[in-house]
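Read through the structure below, which is laid out as structure tokens, and then see the notes.
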2 protein chains.
Amino acid sequence: MLKEERQQILLNEVELHNRILLTDIAESLDVSIDTIRRDVKELDAENKLKKVHGGAISLGFTNSNSRNTNIYALEEKVIIAQKAVTLLKDGAVIFIDGGTTCMELVRLIPDNLNLTCFTISLPVAMELSHKPNVTVISIGGQISKEAQISIGANAIHNLSEIRVDYSFIGTGYVDAVYGLTEFDWDIVQVKKAVIKAAKKTVLLSISEKLNSQHRYKTCDINTINTMITELEPSDRMLEVFRNCDIRIL
Amino acid sequence: MLKEERQQILLNEVELHNRILLTDIAESLDVSIDTIRRDVKELDAENKLKKVHGGAISLGFTNSNSRNTNIYALEEKVIIAQKAVTLLKDGAVIFIDGGTTCMELVRLIPDNLNLTCFTISLPVAMELSHKPNVTVISIGGQISKEAQISIGANAIHNLSEIRVDYSFIGTGYVDAVYGLTEFDWDIVQVKKAVIKAAKKTVLLSISEKLNSQHRYKTCDINTINTMITELEPSDRMLEVFRNCDIRIL
DNA sequence: ATATATTTTGCTGTTTTTTGCAATTTTAAA
DNA sequence: TTTAAAATTGCAAAAAACAGCAAAATATAT
């Protein structure tokens, strides 16, 4: 295999998942980890990606949620997404939030599934548009440069005029007592509108975010109808949430 | 075997597989590896492929795979985009259409320029969101899978409520007599709304599209205030347009 | 046709690049 | 703090590139 090939595969993987683990790539390409490490170092020097401890992340991703995002959590997010797709019924009308976990959900939507999807996220809309049987409706508004989602009064107004079966949302922080919270005020406002626009709200959150909180509150925990984490529903970490009238997958 | 023959086989292989290994080719053509090495060196010098350690890769290898930049008529589109950026004034409020030519315009927007940009295109919105001093507003609506732009009643309604200084638009076909035309009815409707929303409309079009027409009409040619092609304004191909009260760049 | 020049090709030894390994240092998580 | 994973460094083996040379093939001139 040519070096260029390998590096191209690296870039594709980074672009696809926003992040890679050196060990995973080394194993799947059957080369030593040192080789991958050197490749990543070169690509970083060429400004094609950003090297981080243990892996690499895409450039567009560096400034966005760097502190909020753990490159190791890819597997967890895929597990969550796999659970979430089981909720999708043919012909459903749903909303999909931005964020990497929701993005994994979108990638796992089977090609034969008929859906109508609303979203505020530009990357999600782009990815959805490749699904042949999904009708995509983008919610317009001012674009948040960090999150690449529509925010502001216009987005909220547009959301006020729709009603979907399910909303699949992410959150910055979640806690049984303080509910869903965010770092950013504008994002909270949009999320509130998203929740209001849905008959049922499904929260996708890696366990790492459980029992954490921040400045601004999106909603109480019992506003959420279903919570999906990568943990087993019986995990004792989820005990506090089990008393909140939430279905846990 | 003739040298030219061998080099043509090399190029075909590169085109077909995007990459070749010198050892493989040498073996399958039953010549020494040095010969292949020399061939590749020549072809590289002629810019027919790119020589790398151990083999060769096709010229578009790095670009085409990572970014989906359509290299078709790229040169011309960059020239057009360069002319278009000169129209951008600090603090302007503009609309940018979808399409590869408009995408090039976005890429050339200088980082220090303050702008407010409306767009119906998902890729344009994504690219714009990387510009630090550009406020991006995405016009929502149903997403056209082919064009990756918002179409439909909602998009048109949203456009009806804005008024920008300049609209930069592309078109499928343009003709002095038949005006701007498209293959797709829905896209025509959105473009009409875009033009209505702008004080001045700037058409970006490669010369290849001049004097071509299709089924559905967006607008008359004199609705356009400025037309930008990659040709010199004095080019005789533009003569027919010069009588239409259009500024030609 | 013959001799000469030019190009092409394969071979040899040398240099460079790539890659994997081991020892050590650094980093980050418990 | 402790500990495990990851990064770094130096090194050596293997693969590839390179330069120079000579033989073979082709072209050109006499």
Side-chain angles (χ1 to χ4, degrees), chain A residues 1-11 13-14 17-58 61-62 65-77 173 206-212 229-231 235-237, chain B residues 1-11 13-14 17 19-58 61-62:
Chain A
M1 164 164 313
L2 295 172
K3 194 174 96 174
E4 282 68 19
E5 266 183 273
R6 214 176 41 227
Q7 298 192 349
Q8 192 59 52
I9 291 172
L10 277 181
L11 287 176
E13 283 294 303
V14 167
H17 292 295
N18 282 319
R19 57 213 171 298
I20 52 174
L21 294 181
L22 300 194
T23 51
D24 285 2
I25 299 284
E27 192 177 353
S28 71
L29 295 184
D30 200 30
V31 290
S32 83
I33 192 146
D34 300 73
T35 302
I36 299 297
R37 215 188 296 285
R38 276 183 275 242
D39 283 337
V40 168
K41 202 171 179 180
E42 277 183 39
L43 292 170
D44 187 342
E46 293 167 25
N47 250 299
K48 303 265 184 68
L49 48 70
K50 177 101 167 59
K51 180 166 150 26
V52 296
H53 192 90
I57 55 183
S58 74
F61 209 66
T62 51
N65 338 34
S66 49
R67 85 167 64 85
N68 240 350
T69 304
N70 180 346
I71 66 161
Y72 297 97
L74 176 59
E75 288 84 354
E76 288 85 331
K77 289 173 182 177
Y173 309 87
I206 56 174
S207 63
E208 189 185 290
K209 293 181 175 177
L210 298 182
N211 305 315
S212 69
T229 75
E230 82 279 11
L231 303 172
D235 197 289
R236 72 178 186 78
M237 210 178 160
Chain B
M1 165 164 311
L2 264 50
K3 191 174 114 180
E4 281 69 20
E5 224 183 313
R6 210 177 44 227
Q7 296 195 350
Q8 193 55 53
I9 291 173
L10 278 184
L11 287 176
E13 282 294 302
V14 167
H17 297 116
R19 62 146 246 248
I20 51 174
L21 300 178
L22 298 196
T23 51
D24 286 2
I25 298 285
E27 191 177 354
S28 71
L29 296 185
D30 199 32
V31 289
S32 84
I33 194 147
D34 299 73
T35 303
I36 299 296
R37 214 189 298 285
R38 276 183 276 244
D39 284 338
V40 168
K41 201 171 180 179
E42 279 183 36
L43 292 170
D44 186 338
E46 295 168 25
N47 250 299
K48 303 264 184 68
L49 49 69
K50 183 151 165 48
K51 178 167 150 29
V52 297
H53 192 93
I57 56 181
S58 71
F61 184 77
T62 45

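In what follows, chains carry the letters A, B, and so on, assigned in the order in which the sequence lines appear, proteins first and then strands, with residues in each chain numbered from 1. Atoms considered below: every heavy atom in the structure, side chains included; atoms not considered: hydrogens, waters and symmetry mates. In this text, all values refer to a predicted model and were calculated from it rather than measured experimentally.
Atom CG of Leu22(A) and atom CZ of Arg38(A) lie 12.5 Å apart (nearest 0.5 Å). Atoms CG and NZ, from Asp39(B) and Lys51(B) in turn, are 11.5 Å apart once rounded to the nearest 0.5 Å.
Whole-Å rounding puts the Glu5(B) CD to dT8(C) P distance at 15 Å. Between Leu29(B) atom CG and dG10(C) atom P there is a gap of 11 Å when expressed in whole angstrom units. In this structure, CD of Gln7(B) is placed 13 Å from C1' of dT7(C), rounded to the nearest angstrom. Separating the CG atom of Asp39(B) from the P atom of dC18(D) is a distance of 14 Å, rounded to the nearest angstrom. As rounded to whole Å, 9 Å separates atom P of dA29(C) from atom CD of Glu208(A). Atom CD1 in Ile36(B) sits roughly 11 Å away from atom C1' in dT9(C) (whole-Å rounding). Taking atom NE2 of residue His53(B) and atom C1' of nucleotide dA14(D), one finds them 10 Å apart after rounding to whole Å. We find that CD of Glu27(B) is positioned 12 Å from P of dA16(D), with the value rounded to whole Å.
Across all strands shown, Val52(B) has heavy atoms under 4.0 Å from sugar-phosphate atoms exclusively, and none from any base. The residue Leu22(B) sits close only to the backbone: its heavy atoms come under 4.0 Å of sugar-phosphate atoms, none of a base.
For Asp34(A), the side-chain atoms get nearest to dA22(C) when compared with the rest of dT18(C), dA22(C), dG10(C). Side-chain proximity of Arg6(B) to dG20(C), dA19(D), dT9(C): nearest is dT9(C).
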Discussion item. Evaluate Thr35(A) against Arg6(A) for side-chain contact (heavy atoms from CB on, under 4.5 Å), listing each step before the verdict.
Written reply: CA-CA 10 Å; Thr35(A) 302; Arg6(A) 214 176 41 227; 3.4 Å; yes

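Contact between the side-chain N/O atoms of Lys51(B) and the OP1/OP2 oxygens of dC18(D) is found at a separation under 4.0 Å.
Comment: Glu4(A) does not engage Lys50(B) in a salt bridge, judged by the lack of any side-chain N to carboxylate O separation of less than 4.0 angstrom.
For Glu27(A), the CD atom counts as loosely surrounded, since its 6.0 Å shell holds 12 or fewer non-hydrogen atoms of other residues, nucleotides or ligands.
Each of Glu42(B) and Ile33(A) has a nearest nucleotide on DNA chain C; the 5'-most of these lies closest to Glu42(B). Where Lys41(A) and Arg38(B) meet DNA chain D, the nucleotide closest to each residue was compared, and Lys41(A) sits on the side nearer the 5' end.
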